[in-house]
There are 2 protein chains.
Amino acid sequence: MIKYQEIANDIRKNILAGQYLSGVQLPLEKEMCAQYNVSRITIKKAVDELVKLGLVIKRRGAGTFVKSIDDEDAKDLSMARQFTGFTETNKGKTLRTEIIKFDVVHPDKEIAAKLQIATDDFVYDIIRVRFADGMPIVIEYTKMPINLIPGIKKDVLLKSIYFYIQHQLKLKIQSAHRSIRAISPNALEIEHLKVRDSFPLLEVEQIAFLDDGRAFEYSISHHRSDQIVFKSVSIRQ
Amino acid sequence: MIKYQEIANDIRKNILAGQYLSGVQLPLEKEMCAQYNVSRITIKKAVDELVKLGLVIKRRGAGTFVKSIDDEDAKDLSMARQFTGFTETNKGKTLRTEIIKFDVVHPDKEIAAKLQIATDDFVYDIIRVRFADGMPIVIEYTKMPINLIPGIKKDVLLKSIYFYIQHQLKLKIQSAHRSIRAISPNALEIEHLKVRDSFPLLEVEQIAFLDDGRAFEYSISHHRSDQIVFKSVSIRQ
DNA sequence: GAGTGGTCTAGACCACCCC
DNA sequence: GGGTGGTCTAGACCACTCG
């Protein structure tokens, strides 16, 4: 449908298929214009997608080149889906969710600030443990304003809140701001994640936003460190 | 110099100065065209920078809106420099580096693959502990091909390898691919980072690239978890 | 239906790299 | 000096939101 995405996909496939090897120069923008029969800006936008993905680099005055990366890394990059919840990232596995807590409370000052709501508004206060193939993977502490996300019940929590938000409420999720740290488990986590007190966890603190710019979720997830890797590509401006 | 960056900066400052409050609609693209006397594509590119930063959202058919974020988060986002080494991120502190190991070796198969070199090429094999204000912050295990980065000596390691690469060798760093995990310290780290064996560390595994697409560094950094937070903004496509 | 941002065009000039 | 990608223009049509 959208030309630049189709072209980006096409080039990406060619790279992954080994059409262009590591370090090799891609066709010039002008040549690709002719090849795909589009304007240069469209080609630029397509190739810029691949730069963001980390597959190629561009040098003014020289050309566009495939990065010198490992096949394994290349696949990683290509599948990189920066934005998915537990349900999506563990597709194909048998998932189970245990609800530890499910209340409605007033947010404390800090959380109210992060969600940009008042301390006398109400938020869900949820704690869940998520299992994949019978193994505990992560414990999630979630706070959501009930005004923005009404109607959550236990059956929603047992499946996927994100699915409910997008398909039942028909809301669109736009972005997430994350902070990542390493921490030690507390007593609750030692019990539910079945780890020892010396077992490190990866903490992901997240504020998630709807496409109208409102924050709809503040969550902290503590992941078993043997079950999660966080990947990122950063490009110098 | 570059118009869209200047405009992006100007709008960013206005948002941070409280000119536009959380949730408020920005002027229309058409209006900004008139205001800055540029074409619409230039305005689009400027505002897209702010979308990437996480400060605003755009909705086709509706307009552009400031995200509902905390002042503190806003500042974080605005300073977000995805790409810096130890020296940059700890500016203003008193830095010290201890060299634990500095050899030249053949890379093993896995590292050769990640750097896209042969196992009979040579790489520096470096281990360093970095201190800020007298406190150990991170231990870095670095491998670099000597062909790409020639002439490293102890005085370079004691300061900043990145500074040497950019200012002495006049090479440009383009990007880094990172994987982040939580781990436990090993004996070496317990000693040098002055932590107990139950103290969690944040591992950052990184492959860094020059602007010609060649990988010039494979490194693993183990950070004291009380001294590092990794931040990220992800936008749904 | 009026108005928004998203995509795309055809063309121009510029900064930069490399020969 | 010849050719690269980077920026920018003026204009067009489209998909979408909202009253």
Side-chain angles (χ1 to χ4, degrees), chain A residues 1-11 20 23-52 55-67 166 169-172 174-175 210-214 235-237, chain B residues 1-11 20 23-52 55-67 166 169-172 174-175 210-214 235-237:
Chain A
M1 199 73 205
I2 294 171
K3 283 188 189 177
Y4 79 86
Q5 282 180 356
E6 281 178 358
I7 296 171
N9 255 314
D10 192 56
I11 302 172
Y20 304 112
V24 156
Q25 183 166 11
L26 287 186
L28 305 183
E29 293 191 346
K30 208 194 293 180
E31 293 169 7
M32 291 202 258
C33 290
Q35 182 185 340
Y36 291 103
N37 197 30
V38 296
S39 78
R40 207 181 126 215
I41 286 187
T42 303
I43 291 292
K44 249 182 71 53
K45 233 182 150 182
V47 177
D48 281 345
E49 293 292 303
L50 303 182
V51 172
K52 270 192 243 167
L55 280 174
V56 306
I57 61 101
K58 292 175 165 189
R59 285 162 67 206
R60 175 168 10 183
T64 303
F65 303 83
V66 179
K67 259 186 182 172
Q166 295 177 92
L169 298 180
K170 308 279 184 196
L171 296 173
K172 282 178 195 155
Q174 191 262 349
S175 63
L210 296 176
D211 81 335
D212 62 1
R214 290 182 297 179
I235 310 287
R236 167 152 279 179
Q237 291 306 334
Chain B
M1 199 74 206
I2 293 170
K3 283 188 190 175
Y4 79 85
Q5 281 179 357
E6 280 178 359
I7 295 171
N9 255 313
D10 191 57
I11 302 172
Y20 304 113
V24 157
Q25 183 166 12
L26 288 186
L28 305 183
E29 293 191 345
K30 210 194 292 180
E31 293 169 8
M32 292 202 255
C33 291
Q35 181 185 341
Y36 291 103
N37 196 31
V38 295
S39 79
R40 207 181 125 216
I41 285 187
T42 303
I43 290 292
K44 248 181 72 54
K45 232 181 152 183
V47 178
D48 280 344
E49 293 292 304
L50 303 181
V51 172
K52 272 191 241 167
L55 280 174
V56 306
I57 60 102
K58 291 175 165 189
R59 283 163 68 208
R60 186 186 334 202
T64 303
F65 302 83
V66 179
K67 258 187 184 172
Q166 295 178 94
L169 297 181
K170 309 280 186 197
L171 296 174
K172 283 178 194 154
Q174 191 261 350
S175 62
L210 296 175
D211 81 335
D212 61 2
R214 291 181 297 178
I235 310 287
R236 169 152 277 180
Q237 291 306 336

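Just so it is clear: chains get the letters A, B, ... in the order the sequence lines come, proteins before strands, and each one is counted from 1. Reckoned from all heavy atoms, side chains included, excluding hydrogens, waters and symmetry mates.
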If you find the nucleotide of DNA chain C closest to A/Tyr4 and the one closest to B/Met1, which residue's nucleotide is nearer the 5' end?
A/Tyr4

Members of residues 55-63 of chain A that approach DNA chain C, where some heavy atom sits under 4.0 Å away:
A/Arg59, A/Arg60, A/Gly61

Sequence neighbours left out, what passes side-chain hydrogen bond (donor to acceptor under 3.5 Å, both in side chains) with A/Arg40? Give chain and number order.
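Partners of A/Arg40 under the side-chain hydrogen bond (donor to acceptor under 3.5 Å, both in side chains) test: A/Glu29.
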
Which residues share a side-chain hydrogen bond (donor to acceptor under 3.5 Å, both in side chains) with A/Gln25, sequence neighbours left out
none

Interatomic distance, [X] atom [atom1] to [Y] atom [atom2] [nearest 0.5 angstrom]:
X       : Y       : atom1 : atom2 : value
A/Leu26 : A/Leu50 : CG    : CG    : 8.0 Å
B/Ile2  : B/Lys45 : CD1   : NZ    : 8.0 Å
A/Gln5  : A/Asp10 : CD    : CG    : 13.5 Å

Per the under-4.0 Å heavy-atom filter, residues of residues 38-51 of chain B near DNA chain D come out as B/Val38, B/Ser39, B/Arg40, B/Ile41, B/Thr42, B/Lys45

At a heavy-atom distance below 4.0 Å, which nucleotide of DNA chain C is the first touched by chain A, and which is the last?
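On DNA chain C, the outermost contacted nucleotides are C/dT7 to C/dC18.
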
Could you tell me how far apart A/Asp211 (CG) and D/dC16 (C1') are, to the nearest whole angstrom?
11 Å

Under 4.0 Å, heavy atoms only, any strand: does A/Lys170 hit a base, just the sugar-phosphate, or nothing?
nothing

Qualifying residues under side-chain contact (heavy atoms from CB on, under 4.5 Å), relative to A/Val38, sequence neighbours excluded:
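So A/Val38 forms a side-chain contact (heavy atoms from CB on, under 4.5 Å) with A/Lys3, A/Ile7, A/Tyr36, A/Thr42, A/Ile43.
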
If we ignore hydrogens and angles and just use 3.5 Å, is the side chain of B/Gln174 paired with the main-chain N or O of A/Arg236 as donor and acceptor?
no

Under a 4.0 Å threshold between the charged nitrogen and the carboxylate oxygen, would B/Asp48 count as salt-bridged to B/Lys52?
no

